[in-house]
Amino acid sequence: MSSTTISMPSTRPVVAVVRGDSAAGVSQARQAARAFTDRLTPASRPDMADALVLVVSELVTNALRHGGGSFSVRLTAHPDAVEVAVDDVSPRMPRLRAPDLTDDGGGFGWPMINRLARTTAITRRRAGGKTVTAFLPRSQHRS
């Protein structure tokens, strides 16, 4: 069984919420991230929108692959940043590891997320699991 729910309240700040438990949910999360950037005022730069979609896709994929098979994503617009928060049910923290070029892949996402984001944080949730949060800058391109 797979399910995905998307809601985008019209109140400020701009917020989007996506919940899912399947690979189809990753696609829905990417679509919601793109729609989220389209609603930002002032409009987001194309590179920020692309980075946001990439970070959302990676965090949601990791939640499905390593975090217990379900996720909840919250996107929140702040004056100088966009916040991506992904909840999953696993207590395991993301970790840096050497990229695997020969077997099942992996090891590329967490360094990429940390490169694209201004800052990241991992918070244990009282109900179990964790929230992985990334803040992406709205106005300055990171080189």
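Worth knowing before you read on, the calculation uses all heavy atoms, side chains too, and leaves out hydrogens, waters and symmetry mates. Predicted, not measured: the structure shown is a model, and the values here were computed from it.
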Minimal non-hydrogen separation, [X] against [Y], with atom names:
{"X": "Ala77", "Y": "Leu40", "result": "CB-CD2, 3.5 Å"}
{"X": "Ser57", "Y": "Val26", "result": "OG-CG1, 3.9 Å"}
{"X": "Pro91", "Y": "Arg124", "result": "O-NH1, 3.0 Å"}
{"X": "Ala81", "Y": "Arg118", "result": "CB-NH1, 3.8 Å"}
{"X": "Arg19", "Y": "Val17", "result": "NH1-CG1, 3.2 Å"}
{"X": "Trp110", "Y": "Leu59", "result": "CZ3-CD2, 4.3 Å"}

[X] side, atom [atom1]; [Y] side, atom [atom2] - distance, nearest 0.5 Å:
{"X": "Asp21", "Y": "Leu64", "atom1": "CG", "atom2": "CG", "result": "8.0 Å"}
{"X": "Phe71", "Y": "Asn62", "atom1": "CZ", "atom2": "CG", "result": "12.0 Å"}
{"X": "Leu54", "Y": "Ile113", "atom1": "CG", "atom2": "CD1", "result": "8.0 Å"}
{"X": "Arg45", "Y": "Asp50", "atom1": "CZ", "atom2": "CG", "result": "10.0 Å"}
{"X": "His66", "Y": "Met93", "atom1": "NE2", "atom2": "CE", "result": "14.5 Å"}

Are [X] and [Y] side-chain neighbours, meaning at least one heavy-atom pair lies under 4.5 Å?
{"X": "Glu83", "Y": "Leu75", "answer": "no"}
{"X": "Pro94", "Y": "Val132", "answer": "yes"}
{"X": "Val86", "Y": "Ser72", "answer": "no"}
{"X": "Val55", "Y": "Leu136", "answer": "yes"}
{"X": "Leu52", "Y": "Val84", "answer": "yes"}
{"X": "Val56", "Y": "Phe36", "answer": "no"}
{"X": "Ser90", "Y": "Lys130", "answer": "yes"}

Notebook entry, point to check: Are the side chain of Arg74 and the backbone of Ala16 linked by a donor-acceptor contact shorter than 3.5 Å?
Noted result: no
Note to self: Within the supplied structure, the quantity of interest is the number of heavy atoms (other residues, nucleotides, ligands) at a distance under 6.0 Å from Arg34 CZ; does it exceed 12?
What the structure shows: yes
Checklist line | Single hit among Asp88, Thr123, Asp87 for side chain to side chain donor-acceptor pair (under 3.5 Å) with Thr131 | finding: Asp87
Notebook entry, point to check: Would a hydrophobic clustering, with Ile, Leu, Val, Met, Phe, Trp and Tyr connected at side-chain separations under 4.5 Å, put Phe108 with Val53?
Noted result: no
Next item on the list: Take Thr120 and Thr133, measure what side chain to side chain contact (heavy atoms under 4.5 Å, CB included) needs, and give me the verdict at the end.
Entry: CA-CA 5 Å; Thr120 58; Thr133 305; over 6 Å; no
